[in-house]
Amino acid sequence: MKTAEVKELTTAEIQERLATEKENLVRMKLNHSISPLDNPLQIKVARKTIARLATELRRRELTK
């Protein structure tokens, strides 16, 4: 998910997406520890997506 896409979302959508992404990351890490993922870079991409969502959410909190 690109930064421009994140900025278009509403605050509620960002919070919902953030929770979903965190849950997916935990699942991926668990699955990867049991048997290696086909593409371990998915974990890195998920972490960066979570960071983008959290950053945008924090930016909106500060601008209120």
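Because only heavy atoms are used, hydrogens play no part in the values below, and waters and symmetry mates are left out as well, while side chains stay in. Count residues from 1 along the sequence.
In this structure, CZ in Arg27 is found 9.0 Å from CG in Asn31, a value given to the nearest 0.5 Å. Expressed to the nearest 0.5 Å, how far CD of Glu8 lies from CE of Met1 amounts to 9.5 Å. Atoms CZ and CE, from Arg47 and Met28 in turn, are 10.0 Å apart once rounded to the nearest 0.5 Å. Distance check: Thr20 OG1 to Gln15 CD gives 11.5 Å after rounding to the nearest 0.5 Å. Between the CG atom in Leu62 and the CG atom in Leu57 there is a gap of 10.0 Å [rounded to 0.5 Å]. The structure places CG of Leu41 at 6.5 Å from NZ of Lys44, a figure rounded to the nearest 0.5 Å.
Between Leu37 and His32, the shortest heavy-atom distance links the atoms N-ND1, 3.1 Å. Pairing each heavy atom of Leu18 with each of Ala54, the nearest pair is CD1-N, 4.2 Å. A pairwise comparison of heavy atoms in Glu56 and Lys7 identifies OE1-CG, 3.6 Å as the closest pair. Taking each heavy atom of Leu9 and Ile14 in turn, the nearest pair found is CB-CG1, 3.8 Å.
Residue Glu16 qualifies as open at atom CD: its count of foreign heavy atoms under 6.0 Å is 12 or below.
With sequence neighbours excluded, the residues satisfying side chain to side chain donor-acceptor pair (under 3.5 Å) with Thr11 are Arg60.
Looking at Arg17, its side chain never comes within 3.5 Å of a backbone N or O of Leu53 through a donor-acceptor pair. Judged by distance alone, the side chain of Glu13 and the main-chain N or O of Thr10 form a donor-acceptor pair under 3.5 Å.
With a 4.5 Å cut-off on side-chain heavy atoms, Leu30 and Val26 do not count as touching.
In the hydrophobic cluster analysis, where Ile, Leu, Val, Met, Phe, Trp and Tyr join through side-chain heavy atoms closer than 4.5 angstrom, Val45 is grouped apart from Leu25.
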